[in-house]
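One structure below.
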Amino acid sequence: KVFKKNIHNIDYNLLNKTDEKIKHLCNKESRKEIIKKSNTFIVDEAQKIKKLKTNIDNIDKAHKLRKHLKSIDAIAALLYHTAQNQNLKKLVASIQHAGILLGVWHDKVVLENSLKNFIEKNKKGAKNKLQPLKKLINRVRMENQQLLKKSSSKINSVLQKIPVAR
């Protein structure tokens, strides 16, 4: 219900204004300058990811890392359409692989939090009935630790495709 409400409450005027600003900036800057600024942005974001990756077990840092990865994904995909080359194609594919793992991780974090909230709201008089949910939370938590380990190697692959970020 909340999701539907948010979908219906999208401010299309604000979205259109943002779209116009982007078009204006893109028309104002030369193609060469857009590529240069995009590359700089990607390298800056990669440096942030590199720093956050050292503490990927921290949920807040993993969330921030995921956001920076999405930022690189958006700009790299746009850049690929502007200046297609194999390196960008490989970078976009690598980002998408890492993004999928982090997306699954994020979904499981949301599930774990939802289950915890449910247990907290329904703990009176239902301790035995809630035990399977507690086991499920533990299983989800363990799966998430494995996902973060797997995503770490995928993130390394992304960083290797950004030469200055190594």
Side-chain angles (χ1 to χ4, degrees), residues 1-19 21-22 38 41-81 88-162 165-166:
K1 289 179 184 179
V2 173
F3 178 70
K4 283 184 180 180
K5 181 181 174 186
N6 286 329
I7 294 288
H8 291 295
N9 289 335
I10 290 177
D11 186 348
Y12 288 100
N13 289 330
L14 181 61
L15 187 63
N16 289 333
K17 285 179 186 177
T18 303
D19 190 43
K21 285 180 184 179
I22 291 171
S38 296
F41 176 83
I42 289 171
V43 169
D44 290 347
E45 290 296 295
Q47 292 297 338
K48 293 173 187 174
I49 288 171
K50 189 176 178 181
K51 287 178 185 174
L52 290 168
K53 196 177 102 27
T54 59
N55 244 345
I56 198 167
D57 291 340
N58 177 307
I59 289 178
D60 292 332
K61 289 189 178 186
H63 275 292
K64 287 177 185 177
L65 188 148
R66 184 172 178 252
K67 288 178 185 179
H68 292 298
L69 191 66
K70 283 184 167 198
S71 295
I72 292 176
D73 186 25
I75 297 301
L78 182 65
L79 191 56
Y80 177 69
H81 291 295
L88 279 172
K89 186 176 183 178
K90 289 176 183 177
L91 176 61
V92 170
S94 185
I95 291 169
Q96 289 173 348
H97 290 0
I100 288 168
L101 281 176
L102 286 171
V104 172
W105 167 83
H106 180 261
D107 291 346
K108 288 179 179 272
V109 167
V110 171
L111 174 62
E112 181 182 340
N113 290 335
S114 296
L115 290 170
K116 285 178 183 176
N117 289 336
F118 180 82
I119 288 172
E120 187 62 32
K121 288 178 183 177
N122 295 288
K123 67 181 178 182
K124 291 183 181 178
K127 285 186 180 182
N128 291 336
K129 292 179 182 177
L130 297 175
Q131 198 59 34
L133 290 179
K134 291 178 182 178
K135 287 181 181 178
L136 178 59
I137 289 172
N138 288 331
R139 192 176 87 218
V140 168
R141 189 176 296 129
M142 289 180 0
E143 288 173 1
N144 258 358
Q145 289 172 346
Q146 294 302 313
L147 280 170
L148 283 178
K149 286 179 184 174
K150 285 181 185 177
S151 67
S152 184
S153 67
K154 295 289 184 186
I155 292 165
N156 284 338
S157 176
V158 169
L159 294 175
Q160 288 172 353
K161 289 173 180 57
I162 304 171
R166 292 180 188 172

Looking at [X] and [Y], would you say the former's side chain and the latter's main chain have a donor-acceptor pair under 3.5 Å?
{"X": "Ser152", "Y": "Leu148", "answer": "no"}
{"X": "Ser94", "Y": "Lys90", "answer": "no"}
{"X": "Ser71", "Y": "Lys67", "answer": "yes"}

Any chance you could measure [X], atom [atom1], to [Y], atom [atom2], to the nearest 0.5 Å?
{"X": "Ile119", "Y": "Ser114", "atom1": "CD1", "atom2": "OG", "result": "11.0 Å"}
{"X": "Asp44", "Y": "His68", "atom1": "CG", "atom2": "NE2", "result": "10.5 Å"}
{"X": "Ile49", "Y": "Gln47", "atom1": "CD1", "atom2": "CD", "result": "10.0 Å"}
{"X": "Lys64", "Y": "Asn58", "atom1": "NZ", "atom2": "CG", "result": "8.0 Å"}
{"X": "Leu78", "Y": "Leu88", "atom1": "CG", "atom2": "CG", "result": "10.5 Å"}
{"X": "Ser153", "Y": "His97", "atom1": "OG", "atom2": "NE2", "result": "11.5 Å"}

So which atom in [X] and which in [Y] form the shortest heavy-atom distance, rounded to 0.1 Å?
{"X": "Ala76", "Y": "Leu91", "answer": "CB-CD2, 4.1 Å"}
{"X": "Gly99", "Y": "Leu69", "answer": "N-CD2, 3.8 Å"}
{"X": "Asp73", "Y": "Ile95", "answer": "CB-CG2, 3.4 Å"}
{"X": "Val92", "Y": "Ala77", "answer": "CG2-N, 3.9 Å"}
{"X": "Ser151", "Y": "Leu102", "answer": "OG-CD2, 3.7 Å"}
{"X": "Val109", "Y": "His63", "answer": "CG1-NE2, 4.1 Å"}

request  = Apply salt bridge (charged side-chain N to carboxylate O under 4.0 Å, His left out) to the pair Glu120 and Lys116, showing each step before the final yes or no.
outcome  = CA-CA 6 Å; Glu120 187 62 32; Lys116 285 178 183 176; over 6 Å; no
query = Arg141 and Asn138: side-chain hydrogen bond (donor to acceptor under 3.5 Å, both in side chains), yes or no, with the steps?
reply = CA-CA 5 Å; Arg141 189 176 296 129; Asn138 288 331; 3.1 Å; yes
query = Considering only heavy atoms from C-beta outward, does the side chain of Asp19 approach that of Leu15 to under 4.5 Å?
reply =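 Side chain of Asp19 against side chain of Leu15, heavy atoms only: no contact under 4.5 Å found.
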ask   = Could you go step by step and tell me if Asn156 and Lys53 meet the side-chain hydrogen bond (donor to acceptor under 3.5 Å, both in side chains) rule?
value = CA-CA 9 Å; Asn156 284 338; Lys53 196 177 102 27; 3.1 Å; yes
task = Return yes when atom NZ of Lys70 has more than 12 non-hydrogen atoms of other residues, nucleotides or ligands closer than 6.0 Å, and no otherwise.
result =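 Counting neighbours around NZ of Lys70, 12 or fewer heavy atoms of other residues, nucleotides or ligands fall under 6.0 Å, so no.
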